[in-house]
Visitor: 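Dumping the structure here so I can ask a few things about it.
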Amino acid sequence: MLKKLPIDTYTFQKIREEGYEYVDKTEIIYNMTHSMSIAFLSRPRRFGKSMLCHTLKEYFSGNKHLFEGLKIYDLEKEWTKHPVFFFSMSSIKDCSLSEMKEKLGAQLRDYEKIYGRDPEVSSCGGRLTYIIKQAIEKKGPKPVIIIDEYDAPLLNKLDSPELLESTRQFLQEFYQVIKDYEGDIRFAFITGITKFSQLSIFSTLNNLKKISLLPDYEAICGITEEELKTQLLPYLEVFAEKNEITIEQAFDKLIEYYDGYHFSENKASIFNPFSLINALYDKKLNYYWFDSGTPTFLINQLKKFDTNYAEIDKMEVSVSAFDIPATSLSEATPLLYQSGYLTIKDYNKKYESYILGIPNKEVRVGLSDALMPTITNLTISKNASVALNFVKAIDAEDLDLALNIIKSYIASIPYDVMTKEDWADVAKYERFYQILIFVMFGMFNRYTFIEVKSIRGRADIVIFAETTVYVLEIKVNSTPEDALKQIDDKGYAIAYQDKIKGRKVVKCGVNINSELRTIDRWTIVN
């Protein structure tokens, strides 16, 4: 009989005591806790950070019985019981400052029942200072501090400078305590999504080790392909049987939907654990990560930086881009990576640069769903209906119908989706339609690329459909013939004629009429 899958808990104690399945990460945990004293790990939401923190809590509490049968059980010889101070900051993320103080104070009260409280101290930082000091003065094992999702209270306040600053000051005072007692702490572990350099957690901790991009810790959260094929194989077999496919086909489907995350230059593929475990439990594919909520702060930041969505799927960045503070961003790329919407696709060792791209189908479809209303000002249901008809037409190799659908759809987009000045700008106008088509295809995981580079220029749009590669060139206030001539003159279609075996290449010249603000003519050449 299979063990229960942990879809309703991330508490290590409950998982072990109640017989849930646990993918063993304890050897990595042992190596981390014996090679550094303060560690920071950045991972996207729903990626197992909280379970890791709870595992560390039980380990440093000396609860050896919970680890029986795991790798750390034999690696650890002492099993010392340390005072462990665990704080989950996600519980105070959508609160006013007074509510934050109260909720964090409630977490502190659990420890004050053991170590007491100085009645003259009211601030959360002062209260934490007191209990740590009391723990140290007992001359027992050194205390351990665990802070899960340290940045959660800050992220939704990026567009509210006053709220952001008051929250930052509140957290600064709390996190400063780690610095004050740095030499007296056995281990401190901090998780989050992004970096806020103004906090002492980064600016003053001398021994802080950022492990987010280190190969040794790339699999400390998430589930590897090897773990799915070995420890989780029985669940994979049930998934395959339920869906009436082979185990190999089931494995490939799960990879397509939930795999593809990479957290170092080694590029070991990691599954999103939340989505994978839910899919194995439900025995079906779904968009679990996005159904659990799309962060408002990310969509707001994409708007703020006027992000060209069509270019995010293949971006080259330097290693420094991963370490840009959230409050110092000049573009959304670092935040897209840190939030899990982009991942490492390749690494150039010579230049120490990374190629970023969308990890998998779940993210591609979910991101497109989230972006369409911001692009068109139309409802999600309206966007989804039109996109589905558009993609069906492409799969049926009816490009005429697909372009007519786009033409009608564009007519329904409100005029104020762009300013009057933007509508008059040919470059912005053309870009708008490129992005629109890119995101529509993304809603159904059709691979569409914008501004595709070749040796002699850039093709506007290249669409990989089931049996056909479509190469489209868009012109504004010109003719389809001029657009087709550019495809031929620049050789945009040549590469696909040789490399895409089994697919035919179709060229299409499209003209947009700026007065009508829509497509008016096109010519297709098979």
Side-chain angles (χ1 to χ4, degrees), residues 25 27-45 47-53 55-56 60 86-90 144-155 158 168 171-172 174-183 185-222 261-268 270 317-329 333-344 347-349 352-354 356:
K25 304 291 185 179
E27 184 175 10
I28 306 176
I29 289 172
Y30 179 85
N31 293 335
M32 175 182 68
T33 55
H34 286 76
S35 61
M36 61 193 73
S37 58
I38 304 176
F40 170 71
L41 176 71
S42 171
R43 285 293 184 269
R45 65 184 181 88
F47 225 88
K49 299 188 296 296
S50 295
M51 180 182 287
L52 174 59
C53 288
T55 307
L56 284 165
F60 281 114
F86 181 104
F87 300 96
S88 175
M89 308 309 282
S90 62
V144 170
I145 300 176
I146 300 170
I147 298 177
D148 189 23
E149 298 193 60
Y150 90 99
D151 55 348
L154 296 161
L155 288 172
L158 286 173
R168 186 199 66 78
L171 294 176
Q172 169 92 7
F174 190 76
Y175 296 148
Q176 176 65 33
V177 181
I178 303 176
K179 166 62 180 176
D180 294 341
Y181 290 95
E182 190 172 353
I185 294 172
R186 162 62 180 89
F187 189 73
F189 187 68
I190 304 145
T191 77
I193 290 178
T194 187
K195 175 181 174 181
F196 287 85
S197 60
Q198 296 91 337
L199 293 174
S200 62
I201 203 168
F202 289 107
S203 59
T204 62
L205 282 175
N206 298 322
N207 298 321
L208 177 67
K209 186 66 176 177
K210 291 176 281 190
I211 65 172
S212 307
L213 290 173
L214 297 182
D216 288 346
Y217 304 104
E218 60 187 350
I220 197 169
C221 289
Y261 289 93
H262 309 102
F263 298 109
S264 83
E265 65 266 25
N266 279 6
K267 295 181 295 180
I270 309 292
V317 299
S318 65
V319 66
S320 61
F322 295 101
D323 205 34
I324 298 175
T327 46
S328 302
L329 296 174
T333 305
L335 204 55
L336 283 164
Y337 170 78
Q338 294 159 356
S339 303
Y341 296 84
L342 296 179
T343 193
I344 296 169
Y347 176 70
N348 188 317
K349 188 174 182 179
E352 295 184 335
S353 63
Y354 296 83
L356 304 182

Visitor: Short question: side chain of Arg43, backbone of Ser212 - any donor-acceptor pair under 3.5 Å?
Guide: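 Checked: pair present.
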Visitor: Can you list everything that forms a side chain to side chain contact (heavy atoms under 4.5 Å, CB included) with Pro44? Sequence neighbours excluded, please.
Guide: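 Checked Pro44 against side chain to side chain contact (heavy atoms under 4.5 Å, CB included); matches are Phe47, Phe263, Trp289.
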Visitor: Find the distance between CD1 (Ile185) and NZ (Lys179) and round it off to the nearest 0.5 Å.
Guide: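 The distance works out to 11.0 Å.
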Visitor: Is it the case that the side chain of Ser264 and the backbone of Asn266 share a donor-acceptor pair, with hydrogens and angles ignored and the cut-off at 3.5 Å?
Guide: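 Answer holds: yes.
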Visitor: Under the side chain to side chain contact (heavy atoms under 4.5 Å, CB included) test, which residues partner Asp216, sequence neighbours left out?
Guide: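 With neighbours one apart ignored, the set is empty.
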Visitor: Show the nearest heavy-atom pair for residues Phe189 and Leu41, with the distance to one decimal.
Guide: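 That would be CZ-CB, 3.9 Å.
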Visitor: State, to 0.1 Å, how close Tyr30 and His34 come at their nearest heavy-atom pair, and which atoms those are.
Guide: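 So the minimum-distance heavy-atom pair works out to O-ND1, 2.9 Å.
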Visitor: Give every residue pair that meets the salt bridge (Lys or Arg N to Asp or Glu O under 4.0 Å) criterion with at least one member in residues 27-39, sequence neighbours excluded.
Guide: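 Pairs touching residues 27-39 that pass the test: Glu27-Lys71.
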Visitor: Go through Val317 and Thr333 one step at a time and tell me if the side-chain contact (heavy atoms from CB on, under 4.5 Å) criterion holds.
Guide: CA-CA 9 Å; Val317 299; Thr333 305; 4.0 Å; yes
Visitor: Could you please spell out the steps behind the side-chain contact (heavy atoms from CB on, under 4.5 Å) verdict for Tyr175 and Val177?
Guide: CA-CA 5 Å; Tyr175 296 148; Val177 181; over 6 Å; no
Visitor: Mind checking the CG-CD1 spacing from Leu171 to Ile147? Nearest 0.5 Å is all I need.
Guide: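 The distance works out to 9.0 Å.
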Visitor: Looking at residues at least two apart in the chain, or sitting in another chain, which of them share a salt bridge (charged side-chain N to carboxylate O under 4.0 Å, His left out) with Lys25?
Guide: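 Once residues adjacent in sequence are excluded, the partners of Lys25 under the salt bridge (charged side-chain N to carboxylate O under 4.0 Å, His left out) criterion are Glu227.
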Visitor: Just by modelled atom types, is the Leu336 backbone N or O under 3.5 Å from a matching donor or acceptor in the Ser339 side chain?
Guide: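 No, the answer is negative, given that no donor and acceptor are paired below the 3.5 Å cut-off.
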Visitor: I'd like to check the side chain to side chain contact (heavy atoms under 4.5 Å, CB included) partners of Leu214; sequence neighbours left out, ordered by chain and number.
Guide: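 Checked Leu214 against side chain to side chain contact (heavy atoms under 4.5 Å, CB included); matches are Lys209, Ile211, Tyr217.
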Visitor: Once rounded to the nearest 0.5 Å, what's the spacing between atom CZ of Arg186 and atom CD1 of Ile145?
Guide: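 Rounded to the nearest 0.5 Å, the CZ-CD1 separation comes to 13.0 Å.
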Visitor: Counting distance only, does the side-chain N/O of Ser42 pair as donor-acceptor with the main-chain N or O of Ile193 below 3.5 Å?
Guide: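 It does hold such a pair.
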Visitor: Begin with the C-alpha distance, continue with both residues' side-chain angles, and end with the deciding distance and a verdict on side-chain contact (heavy atoms from CB on, under 4.5 Å) for Ile178 and Leu208.
Guide: CA-CA 10 Å; Ile178 303 176; Leu208 177 67; over 6 Å; no
Visitor: I'd like to know whether Met36 forms a side-chain contact (heavy atoms from CB on, under 4.5 Å) with Asn207, so could you lay out the CA-CA distance, the side-chain angles of the two residues, the decisive distance to 0.1 Å, and finally the verdict.
Guide: CA-CA 8 Å; Met36 61 193 73; Asn207 298 321; over 6 Å; no
Visitor: Looking only at non-hydrogen atoms, find the nearest pair between Cys53 and Phe86 and report the distance.
Guide: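 Smallest heavy-atom distance, with atoms named: CB-CE1, 3.4 Å.
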Visitor: Under 6.0 Å between ring centres, would you say that holds for Tyr150 and Phe87?
Guide: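 Judged by ring-centre distance (under 6.0 Å), Tyr150 and Phe87 do not meet the cut-off.
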Visitor: Heavy-atom distance under 4.5 Å between the side chains of Ile146 and Thr191, does that happen here?
Guide: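 A side-chain contact is absent here, since even the closest heavy-atom pair is not under 4.5 Å.
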Visitor: Where the side chain of Lys49 meets the backbone of Glu149, is there a donor-acceptor pair that is under 3.5 Å apart?
Guide: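 It does not hold such a pair.
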Visitor: Are the side chain of Asp151 and the backbone of Thr194 linked by a donor-acceptor contact shorter than 3.5 Å?
Guide: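 Answer holds: yes.
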Visitor: Can you list everything that forms a salt bridge (charged side-chain N to carboxylate O under 4.0 Å, His left out) with Glu352? Sequence neighbours excluded, please.
Guide: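 Listed in chain order: nothing, the list is empty.
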Visitor: Any donor-acceptor pair under 3.5 Å linking the side chain of Thr343 with the backbone of His262?
Guide: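 Indeed, once roles are kept as given, a pair shorter than 3.5 Å links the two residues.
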Visitor: Could you verify whether a donor N or O on one side chain and an acceptor N or O on the other, from Ser88 and Asp148, lie under 3.5 Å apart?
Guide: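 The answer is no; no qualifying pair exists.
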Visitor: How long is the straight-line distance from OG1 of Thr33 back to CZ of Phe187, given to the nearest 0.5 Å?
Guide: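 Going from the CZ atom of Phe187 to the OG1 atom of Thr33 covers 6.0 Å.
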